[in-house]
Number of protein chains: 2
Amino acid sequence: MVRARYTLDDIRSEALRLVDRDGLAALNMRSLATALGTGPMTLYNYVRDREGLEELVVDAVISAVDLPPPTSDWRRDTIQIATVTWRAVRAHPAAIPLVLTRRSTSAAGFAPAEALIAALRRSALGDRDLLAAFRAILGLIMGSAQAELAGPLTSPPATAKDTAARIGTLAGRNFPHIEALSHVSQKSSPEADFTRGLKMLVTGIAAA
Amino acid sequence: MVRARYTLDDIRSEALRLVDRDGLAALNMRSLATALGTGPMTLYNYVRDREGLEELVVDAVISAVDLPPPTSDWRRDTIQIATVTWRAVRAHPAAIPLVLTRRSTSAAGFAPAEALIAALRRSALGDRDLLAAFRAILGLIMGSAQAELAGPLTSPPATAKDTAARIGTLAGRNFPHIEALSHVSQKSSPEADFTRGLKMLVTGIAAA
DNA sequence: TCCTTGACACGTACGTTGTACGTATGCAAG
DNA sequence: CTTGCATACGTACAACGTACGTGTCAAGGA
């Protein structure tokens, strides 16, 4: 009888692949173990419990962030880092709930935050403003991902037409502003909106 | 034999109470049913499945938002609405993962978004900027809640001293900027930081 | 008054999940 | 070859979500 050997990276990448392919509900000990060609309990040699497995997926997503080298323009750097991070999160829609709720524990998970603070520090901000700016930008990234996942301008598993219909009937009567904006949002790309909002925030930061 | 009668509100408030008291893991059909004095299957008369139950909790949290009446100052209104919403979310920490990942389906869930757009519309923003601004503010609210829940400047179940120690040892070496900021964050209140970041964003919006 | 009918509370039971615990197997060092 | 440790693996159980069936109430018509 042969005994397979695994590395944490094997588990990590297979877990992410599983989530990408079959959705978040498919991320359970048995499915992942089967995908790796072993039994459920083997995984417990690499992960404390199911929660640990989810953290692994978060790490896998965040690790894929490809940080740009610093330039002399902190605003441009800030926008770049935020955009790249946002893209990495968006690249794995099924994993977004995990990214929003689980903490990233690996070193790679801290890298974007570190780069972001480094960029912001090259502005002339005081400590308190720096902290607020950092929180705001990270918040914007996560919140934008969340909004796309479950925001009031989106609808769960439906086509764009269904979305318009659903929002139209559900919110249209009592919530005319939401309804009007949902029409606008259908004509614009998420990335364009994100970038626009991000630039607004950076402008506000620069004003402080 | 007596048959109890329930209303959706009974279920909703009991579910939120359960989450507040015993944590998110305690939100299951059996526990909630027991708390209501009945069996698990009774709940299925009010809720499609467990997911529906979670949406109910989200509704309960968002419904508690106490929106201020509009004034003539859209900036002030925007900040007020955002702050009040953020407070409502923060009032139920255990429910935050649900608020971040589940969609609010009830009418009450749309109210803050509607009020926010209404306030922003009273600025002179174009449609695209309005959309971006709305997304950014909602994103900031959700993202800030997320950051407090699982951000790089926090640590899971630990005292403030442990946090400093943990961040210090884990991130201190390789991530000096994070480490430095975590010290700053320990001396400031979450609300102050949130407000500060929010004002930055509103400033940026006003500049557009 | 009695019967019908629909809504809904509830019980039973099954498949799936996470994981505690015990066992077995390979590799490395002596 | 032997010993010991790390770790792959099997078994088994408790807790979960929920399909399905049964029972019981209240309201409306004859």
Side-chain angles (χ1 to χ4, degrees), chain A residues 1-60 94-95 97-98 101-103 105 156-157, chain B residues 1-60 94-95 97-98 101-103 105 156-157:
Chain A
M1 175 202 267
V2 268
R3 296 204 323 165
R5 297 302 297 267
Y6 305 98
T7 67
L8 237 194
D9 276 305
D10 293 337
I11 319 270
R12 209 192 329 256
S13 54
E14 188 61 43
L16 181 57
R17 174 163 34 237
L18 198 66
V19 170
D20 281 339
R21 188 161 45 97
D22 300 335
L24 200 49
L27 182 69
N28 56 64
M29 296 312 221
R30 277 166 234 264
S31 301
L32 180 57
T34 302
L36 287 163
T38 182
M41 293 316 289
T42 300
L43 299 173
Y44 285 85
N45 290 304
Y46 301 90
V47 152
R48 176 161 31 199
D49 54 7
R50 192 225 149 96
E51 185 105 352
L53 222 175
E54 298 180 343
E55 285 180 13
L56 227 53
V57 173
V58 175
D59 286 342
L98 295 184
T101 54
R102 315 291 156 187
R103 169 188 323 277
T105 53
Chain B
M1 176 202 267
V2 268
R3 297 202 324 163
R5 298 301 297 265
Y6 306 97
T7 67
L8 238 195
D9 275 306
D10 292 338
I11 318 268
R12 212 194 323 259
S13 54
E14 188 61 43
L16 181 57
R17 176 164 31 240
L18 198 66
V19 170
D20 281 340
R21 188 159 45 96
D22 300 336
L24 200 49
L27 183 70
N28 56 64
M29 296 312 219
R30 278 165 233 263
S31 301
L32 180 57
T34 302
L36 287 164
T38 180
M41 293 317 290
T42 298
L43 299 172
Y44 285 84
N45 290 304
Y46 301 91
V47 152
R48 177 162 30 200
D49 54 6
R50 190 224 150 96
E51 186 104 352
L53 222 174
E54 298 180 343
E55 285 180 11
L56 228 53
V57 173
V58 175
D59 285 342
L98 295 185
T101 55
R102 315 291 157 189
R103 165 186 327 275
T105 53

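We name chains A, B, ... by the order of the sequence lines, and we start the count at 1 in each one. In this text the structure is predicted, and so the values were computed from the model without any measurement.
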Ignoring hydrogens and angles, write down the donor-acceptor pairs under 3.5 Å from the side chains of residues 22-33 of chain B, residues two or more places apart or on other chains.
from, atom 1, to, atom 2, distance (Å)
B:N28, OD1, B:R30, N, 3.3
B:N28, OD1, B:S31, N, 2.8
B:N28, OD1, B:S31, OG, 2.9
B:N28, ND2, B:S31, OG, 3.3

Would you classify B:T38 as touching base, sugar-phosphate or nothing, given that sugar-phosphate means primed atoms plus P, OP1 and OP2, and contacts are heavy atoms under 4.0 Å?
sugar-phosphate
side-chain hydrogen bond (donor to acceptor under 3.5 Å, both in side chains) against A:R12, all qualifying residues, sequence neighbours excluded:
A:D9
Under 4.0 Å protein heavy-atom contacts per nucleotide of nucleotides 12-21 of chain C, with B for base, S for backbone only and - for none:
B----BBBBB
Can you tell me the distance, in whole Å, between the CG atom of B:N45 and the C1' atom of C:dG6?
13 Å
Holding to side-chain hydrogen bond (donor to acceptor under 3.5 Å, both in side chains), I want the full list of residues that pass it with A:T101, two or more places apart in sequence or in another chain.
none
With sequence neighbours left out, what residues match B:E54 under side-chain hydrogen bond (donor to acceptor under 3.5 Å, both in side chains)?
B:R50, B:R102
Whole angstrom is fine here: how far is it from OH in B:Y6 over to C1' in D:dT24?
14 Å
Whole angstrom is fine here: how far is it from CG in B:L32 over to P in C:dC10?
13 Å
Say you draw a straight line from CG of B:L36 to OG1 of B:T42; how long is it, rounded to the nearest 0.5 Å?
9.0 Å
Residue set satisfying side-chain hydrogen bond (donor to acceptor under 3.5 Å, both in side chains) with B:D10, at least two apart, ordered chain then number -> B:T7
